[in-house]
Amino acid sequence: MRKSHPIRRVVLATAATVSGVVLLLSLKPASDPAAASAAGTAPQQTAPGQQTPQGGQQGGAQAAAGSGTVTGDAAQTQYGTVQVRLTVSGGKITKAEAVQAPKGGLSDQKTQLAVPKLNQEAVAAQSARIDAVSGATYTSTGYKKSLQSALDKVKASSAGSAGSSGTSGSAGSGGASGSGGSSGAAQARTVTGKVSQTQYGPVQVRITVSGGKVTKAEAVQAPKGGLSDQKTQLAVPKLNREAVAAGNADIDAVSGATYTSTGYKQSLQSALDQAGG
């Protein structure tokens with residue numbers, strides 16, 4: 001028998017090796033897509049989890065500021081009593097309403113005409129500096145007076161809260177005398193000035209002081225009778241507002257009520273002197 005040639009054996013072995021490599025390469029790609037697919041799905045699972053922090057922020061933003069209701073002093077007018085109640089939230093007036101207003105006869109019509117407008121003006125102005133409603137002057141004047149009273153109470157309440165916070169801080173860092181001083185400064189007190197005699201009658205002013213500031217001013221006596229009633233109703237509310245705004249007796253006289261204004265300023269200065277202002 002003839003022996004196989006060595007070169008022939010080498011060629012056959014090489015052909016077998018190449019065939020095996022080709023076979024392995026043809027099988028390998030079938031497994032790669034599965035691996036690539038498994039690697040690609042993992043990052044997508046984190047997307048839903050990214051929405052959770054946003055939900056937490058929205059929940060915190062929904063915390064509403066505290067609100068409260070304050071009712072002003074009743075203001076007596078020629079046609080009846082006017083009294084205003086305010087709803088305050090976050091330091092702003094969100095609602096104003098007249099819990100008392102003149103009633104009966106023509107007063108019903110004037111009240112229905114004036115009060116809604118005055119309520120809107122109070123919320124828009126955030127103060128008692130609002131225009132009187134034409135045809136309802138007395139109701140408007142009483143409304144503004146009671147509104148100013150309610151605003152003064154809001155200010156006094158805010159000052160009291162600030163004083164309480166300051167007192168707590170002093171107690172934590174200082175001595176007992178410092179804490180007592182803060183408490184005394186924040187406490188509201190009422191001082192009545194001396195009676196000032198005018199050509200048309202006596203004028204006497206009472207002020208409320210809190211935290212070293214005038215938070216309320218009112219005339220406990222003012223000229224009465226005849227034309228004096230109209231002048232008093234015209235002048236006193238303006239003088240009260242000016243006294244609170246200025247914090248002193250350097251306020252303008254009301255035109256048409258010079259004597260009342262002069263007496264008011266004299267009694268106001270007397271009250272300030274007693275209060276240490």
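No experiment lies behind these values; they were computed from the predicted model shown.
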Under 3.5 Å, side-chain donor or acceptor atoms of residues 114-132 against the rest of the protein: list the pairs with distances, not counting sequence neighbours.
{"unit_1": "Asn119", "atom_1": "OD1", "unit_2": "Tyr143", "atom_2": "OH", "d": "2.6"}
{"unit_1": "Asn119", "atom_1": "ND2", "unit_2": "Val115", "atom_2": "O", "d": "3.3"}
{"unit_1": "Gln126", "atom_1": "OE1", "unit_2": "Ile93", "atom_2": "N", "d": "2.8"}
{"unit_1": "Gln126", "atom_1": "NE2", "unit_2": "Ile93", "atom_2": "O", "d": "3.0"}
{"unit_1": "Gln126", "atom_1": "NE2", "unit_2": "Val123", "atom_2": "O", "d": "2.7"}
{"unit_1": "Ser127", "atom_1": "OG", "unit_2": "Arg129", "atom_2": "N", "d": "3.3"}

If you measure only the distance, is there a donor-acceptor pair under 3.5 Å linking the side chains of Thr81 and Gln76? yes
Within this structure, what is the OG1-CD distance for the pair Thr192 and Gln274, rounded to the nearest 0.5 Å? 7.5 Å
With a 4.5 Å cut-off on side-chain heavy atoms, are Lys265 and Ile251 touching? yes
Given the options Lys145, Gln148, Lys153, Asp73 meets side-chain contact (heavy atoms from CB on, under 4.5 Å) only with Lys153
Residue pair Thr71 / Val99: nearest heavy atoms and the distance that separates them: CG2-CG2, 4.5 Å
How many angstroms lie between CD in Gln266 and CD in Gln197, if you round to the nearest 0.5 Å? 10.5 Å
Below 4.5 Å, heavy atoms only, C-beta onward: do Leu147 and Leu86 meet side chain to side chain? yes
Given side chains that start at C-beta, do those of Arg85 and Lys95 come closer than 4.5 Å, heavy atoms only? no
Could you please spell out the steps behind the side chain to side chain contact (heavy atoms under 4.5 Å, CB included) verdict for Thr262 and Thr198? CA-CA 8 Å; Thr262 301; Thr198 74; over 6 Å; no
Let me confirm one number: the OG-CZ distance from Ser267 to Arg206, rounded to the nearest 0.5 Å. 11.0 Å
Are Val191 and Leu239 connected into the same hydrophobic cluster when the rule is that any two of I, L, V, M, F, W, Y join if their side-chain heavy atoms are below 4.5 Å apart? yes
Can you get from Tyr138 to Val82 by hopping between Ile, Leu, Val, Met, Phe, Trp and Tyr side chains that sit under 4.5 Å apart? no
Determine whether Ile207 and Leu268 make a side-chain contact, defined as any pair of heavy atoms from C-beta on separated by less than 4.5 Å. yes
Under 4.5 Å between any side-chain heavy atoms of Leu151 and Val70, yes or no? no
Check whether any side-chain N or O of Ser146 sits under 3.5 Å from a backbone N or O of Val84 as a donor-acceptor pair, and report yes or no. yes
Using residues 224-232 as the side-chain source, report each donor-acceptor pair under 3.5 Å to any protein atom, sequence neighbours left out, with the distance given to one decimal.
{"unit_1": "Asp229", "atom_1": "OD1", "unit_2": "Gly225", "atom_2": "N", "d": "2.9"}
{"unit_1": "Thr232", "atom_1": "OG1", "unit_2": "Pro223", "atom_2": "O", "d": "2.7"}
{"unit_1": "Thr232", "atom_1": "OG1", "unit_2": "Ser228", "atom_2": "O", "d": "2.9"}

Do you know the tightest heavy-atom contact between Ala249 and Leu272? N-CD1, 3.5 Å
side-chain contact (heavy atoms from CB on, under 4.5 Å), paired with Ser149, selected from Glu218, Gln83, Lys216: Lys216
Quick one, Lys92 and Val88 - any side-chain contact, counting heavy atoms below 4.5 Å? no
Under a 4.5 Å cut-off applied to non-hydrogen side-chain atoms, are Thr260 and Val254 in contact? no
Thr87 (side chain) donor-acceptor with Thr94 (main chain) under 3.5 angstrom: no
Please answer whether the main-chain N or O of Ala222 pairs with a side-chain N or O of Gln204 as donor and acceptor at a distance below 3.5 Å. no
